[in-house]
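Working notes, beginning with the structure itself.
All figures in this text were calculated on a predicted structure; none of them were measured in a lab. Below, read A as the first sequence line, B as the second, and so on, with proteins coming before strands; counting in each chain starts at 1.
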Amino acid sequence: MVKTRFAPSPTGYLHIGGARTALFNYIYAKHFGGKFILRIEDTDLERSLKAYEEDIVKSMKWLGLVSDEPVLYQSQRLDIYKEYCQKLLAQGKAYNCYCTANSLEEDKNKLIAEGKKPMYSGKCRNLSDDEQNLNLPHVVRFKTDRSDGNKFTKFKDLIRDQFVSVNHSEIDDFVIMRTDGIPTYNFAVVIDDALMGITHIIRGDDHLSNTPKQVLLYEALGFEPPAFAHVSMILGNDGKRLSKRHGATAVMQYKNDGFLPEALINYLVRLGWSHGNDEILSIDEMIQYFDLKHISKSAGVFNKEKLLWLNAHYIKQKTAEELVSLINDINATNIENENNNAEKGEIIQYSENVAVLIDALKPRAKTLVEIKEKMGFYLNKGALSYDTNLLGEIDKFKLNELNNNEYNDNSERKESAADEVIYFLNQLMDFVKNLQLNTLSLNGVGCLNFIKESFDGFFSKNKWSLKHKAMLIRIALTGEKISPGIYEVIFALGEARTLQRINDFIEFVRKNKFLL
RNA sequence: GGCCCCAUAGUCUAGCGGUCAGGACGUUGCCCUCUCAAGGCAGUAACACGGGUUCAAAUCCCGUUGGGGCUACCA
């Protein structure tokens, strides 16, 4: 059975590079009906943090990448590593090293100064029992085979579909057990992967150079090495390895910024893997089609524009009701997470008005956060504070569209413009009152149609056109120059708030007449 | 520096000896249109360079250049 794992270290939040590696492991295992396991590599006591650990678990859950077995923590398996270390020691495949950090540093600097490769001198490699004192601080080093001056260790990489081989002269007698008895990465990974029965290791290619060491360890321990597949790194738009300075890298940040997990997953799977010309893939399709053969060997640049496009796509697939709960979920998250970009705010109450509004907003937003922002005029329960720069739009307003009458001077024209605006808005108020929206027993679409038809009549009766009147209505109702269609806005707002806002706006125009 | 890996448009990629080098994001123009989007149509743009192998190379080989990784008692 195929068994894969994702083994992050909790020294930082789960970032999108890790998420992609996890995804590849997950869909690869599922493709073969196998298992996927999450393992936390917390052997770096200095840098590992509980908060990061929790973030990783939470992020994986959000992405839907669930572990098929209980999450494993290396810090809870210390005895196991010790046992295997003893085994290697007993077999003479590893040795205790008493060299101090200082002397190691000196040796290293000397070698660098001489232009040589900085490697361990091998001073403790052949100490006799008499020369050993286990009470002294010491590490355990792996005894790399140097019997043949031209010995190579090789392994096959499934993504490159070729062998990578390294001369033992390049492999140091690396430390497998630290002074404090905690295993190093290379040692713990091998033991865990072997004991867990991992069949395929899919990981970042920053581990490519570590693999020969691990292969050596598999051999020394008497384990069968798994298959290796090294995925290239994700780069920022400057071509450098992706990091915080490129903007958001943490998975949870994307949640807070209003991205859907399916969009992130879809983006990530296509960054480095392809299935012909397919761009939109559900997780089931990914599982069905995934293979190592079509994983790209070269590094990929993270492109937020394309992620946004995918996010917009998946937003359009959601129902208004789903979107409401998704948006509310972000806000719930933000209460506990202070470093967020999303707007704090009250919970959106689902209703038919909200549904119509959100359906209108769906094609206009690339993120959930954007939807909420664009709903601002609706969510604002009180009076709008109209910005005086809106007066520029009002200035363009013409009551009688066919009439190109000239004014004697500018002030006359402006005075007249304000009067025309107010006249129109009063007409509009009467019209809206007559609609009697409250008494209608129509559903959302039906009501929208009714509003549209009524407006058609209202405009044609007065020889007006929607084209020339819509902006003023939009501004009065939303305080913005950009919004969904005005019929949707009116439906969402409902009769009382629509009338109130028109009234408020009339007051605003009266007050600012002189600014026109 | 040494070792390892990589190289198709601005970006993600298809391609696996013979293609008008295909798709997607972006971008540009047009259409639609109550604003803004969405949508539709059209356009733009690539095989890093130099040698081989071959009747034929984006595809195979070797260099060069460029990028990345490792070179820790980090992972």
Side-chain angles (χ1 to χ4, degrees), chain A residues 7-12 41-44 46-48 97 99 101 104-105 108 112 115-119 137-141 157 159-160 162 164-167 169-172 174-186 188-189 203-213 230 232-233 235 237 239-241 267 270-280 293-294 296-310 312 316 360-366 370 374 393 455 459 465-475 478 480-487 489:
Chain A
S9 68
T11 53
E41 308 224 323
D42 51 356
T43 51
D44 183 345
E46 304 268 310
R47 299 191 303 150
S48 292
C97 170
C99 295
L104 253 23
E105 185 70 22
K108 184 175 158 186
I112 290 172
K116 290 179 185 161
K117 186 178 172 65
M119 282 176 82
H138 63 280
V139 299
V140 178
R141 287 180 183 275
D157 183 275
I159 288 172
R160 276 147 263 271
Q162 65 181 33
V164 174
S165 107
V166 174
N167 194 309
S169 65
E170 298 295 332
I171 304 175
D172 207 350
F174 54 97
V175 173
I176 57 174
M177 200 59 94
R178 301 170 165 96
T179 311
D180 57 7
I182 309 284
T184 58
Y185 163 73
N186 283 122
V189 205
R203 76 220 312 186
D205 75 2
D206 46 339
H207 288 297
L208 202 53
S209 318
N210 281 321
T211 310
K213 292 177 189 168
H230 290 93
S232 60
M233 308 266 83
L235 276 21
N237 39 23
K240 301 286 182 204
R241 190 178 182 160
Y267 176 72
R270 281 290 289 108
L271 179 56
W273 176 75
S274 62
H275 178 256
N277 283 333
D278 291 357
E279 293 291 346
I280 307 284
K293 187 172 178 253
H294 291 90
S296 162
K297 292 187 279 280
S298 49
V301 174
F302 184 80
N303 181 219
K304 196 170 179 184
E305 295 302 315
K306 189 161 180 183
L307 206 209
L308 282 166
W309 171 72
L310 279 163
K316 285 177 214 147
L361 250 18
K362 267 203 292 196
R364 296 161 214 263
K366 292 193 187 303
E370 240 180 87
K374 289 178 192 294
E393 290 298 322
F455 259 97
F459 286 134
S465 69
L466 176 64
K467 191 173 181 59
H468 294 96
K469 298 291 178 275
M471 187 51 86
L472 188 63
I473 300 173
R474 177 188 332 283
I475 289 174
T478 68
E480 305 280 348
K481 292 182 203 169
I482 295 171
S483 84
I486 54 172
Y487 305 144
V489 170

Give me the distances for all protein-to-nucleotides 42-50 of chain B N/O pairs that come in under 3.5 Å?
none

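Remark: the Glu170(A) side chain and the G2(B) base include no donor-acceptor N/O pair separated by less than 3.5 Å.
Residues meeting the side-chain hydrogen bond (donor to acceptor under 3.5 Å, both in side chains) test with Ser169(A), sequence neighbours left out: Asn167(A). Applying the salt bridge (charged side-chain N to carboxylate O under 4.0 Å, His left out) test to Glu370(A) and every residue at least two apart in sequence or in another chain returns nothing. Every ring pair (Phe, Tyr, Trp, His ring centres under 6.0 Å) that His275(A) has, sequence neighbours left out, goes to Tyr289(A). Residues passing the side-chain hydrogen bond (donor to acceptor under 3.5 Å, both in side chains) test with Asp172(A): none are found, sequence neighbours excluded. Under the side-chain hydrogen bond (donor to acceptor under 3.5 Å, both in side chains) criterion, Thr179(A) pairs with no residue at all, not counting sequence neighbours. A search for salt bridge (charged side-chain N to carboxylate O under 4.0 Å, His left out) contacts involving Lys116(A) returns Glu114(A), not counting sequence neighbours. Annotation: side-chain hydrogen bond (donor to acceptor under 3.5 Å, both in side chains) contacts of Arg141(A) (sequence neighbours excluded): none. Taking Arg160(A) as the reference, Asp157(A) meet the salt bridge (charged side-chain N to carboxylate O under 4.0 Å, His left out) condition, with sequence neighbours excluded. With sequence neighbours excluded, the residues that form a salt bridge (charged side-chain N to carboxylate O under 4.0 Å, His left out) with Lys117(A) are Glu170(A).
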Sugar-phosphate or base contact per nucleotide [nucleotides 66-75 of chain B; S, B, -; heavy atom under 4.0 Å]: --SBS--BBB
Along nucleotides 25-30 of chain B, 5' to 3', which nucleotides get a B, which get an S, and which get a -, given that the test is a protein heavy-atom distance under 4.0 Å? S-----
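Per the geometry, CG belonging to Leu310(A) stands 18 Å off P belonging to U11(B), to the nearest Å. As a whole-Å value, the separation of Leu308(A) CG from A38(B) P is 12 Å. Atoms CD1 (Ile159(A)) and C1' (C5(B)) sit 12 Å apart, rounded to a whole Å. For the pair Asn237(A) CG and C12(B) P, the interatomic distance rounds to 11 Å; values are reported in whole Å. Here the C1' atom of nucleotide C32(B) and the NZ atom of Lys467(A) are 11 Å apart, to the nearest Å. Between the CD1 atom of Ile486(A) and the P atom of U33(B) there is a distance of 16 Å, given to the nearest Å. Protein atom CH2 of Trp273(A) is 18 Å distant from nucleotide atom P of C12(B), rounded to whole Å. The interatomic distance linking Lys297(A) (NZ) with G15(B) (P) rounds to 10 Å, in whole Å.
Proximity note for Glu279(A) (side chain, C-beta onward) versus G15(B), U13(B), G23(B): the nearest is G23(B). When each of C5(B), G39(B), C34(B) is scored by its nearest atom to the side-chain atoms of Ala470(A), the top-ranked nucleotide is C34(B). Side chain of Asn277(A), nearest nucleotide from C36(B), G22(B), C4(B): G22(B). With C4(B), A38(B), U35(B) as the candidates, the nucleotide lying closest to the side chain of Val164(A) is C4(B). Candidate nucleotides C12(B), A14(B), C6(B) were compared by shortest atom distance to the side chain of Arg160(A), and C6(B) ranks first.
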Salt bridge (Lys or Arg N to Asp or Glu O under 4.0 Å) evaluation trace for Glu480(A) with Lys374(A): CA-CA 10 Å; Glu480(A) 305 280 348; Lys374(A) 289 178 192 294; over 6 Å; no
Show the numbers, then the answer: is there a side chain to side chain contact (heavy atoms under 4.5 Å, CB included) between Phe302(A) and Tyr267(A)? CA-CA 9 Å; Phe302(A) 184 80; Tyr267(A) 176 72; 3.4 Å; yes
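The base-pairing partner of C60(B), taking Watson-Crick or G-U wobble contacts with both distances under 3.5 Å, is G52(B). Applying the Watson-Crick and G-U wobble criteria (two distances, each under 3.5 Å), U65(B) pairs with A7(B). The partner of A72(B) cannot be assigned: no Watson-Crick or G-U wobble pair with both contacts below 3.5 Å exists in any strand. Using N1 to N3 plus N6-O4 or O6-N4 for Watson-Crick, or N1-O2 and O6-N3 for G-U wobble, each under 3.5 Å, C30(B) pairs with G40(B). Figure legend. A46(B) is base-paired to no nucleotide; pairs are counted as Watson-Crick or G-U wobble with both atom distances under 3.5 Å.
The structure places OG of Ser296(A) at 10.5 Å from CZ of Arg270(A), a figure rounded to the nearest 0.5 Å.
Classification of the Tyr487(A)-Phe455(A) ring pair by plane angle, with boundaries at 30° and 60°, yields tilted.
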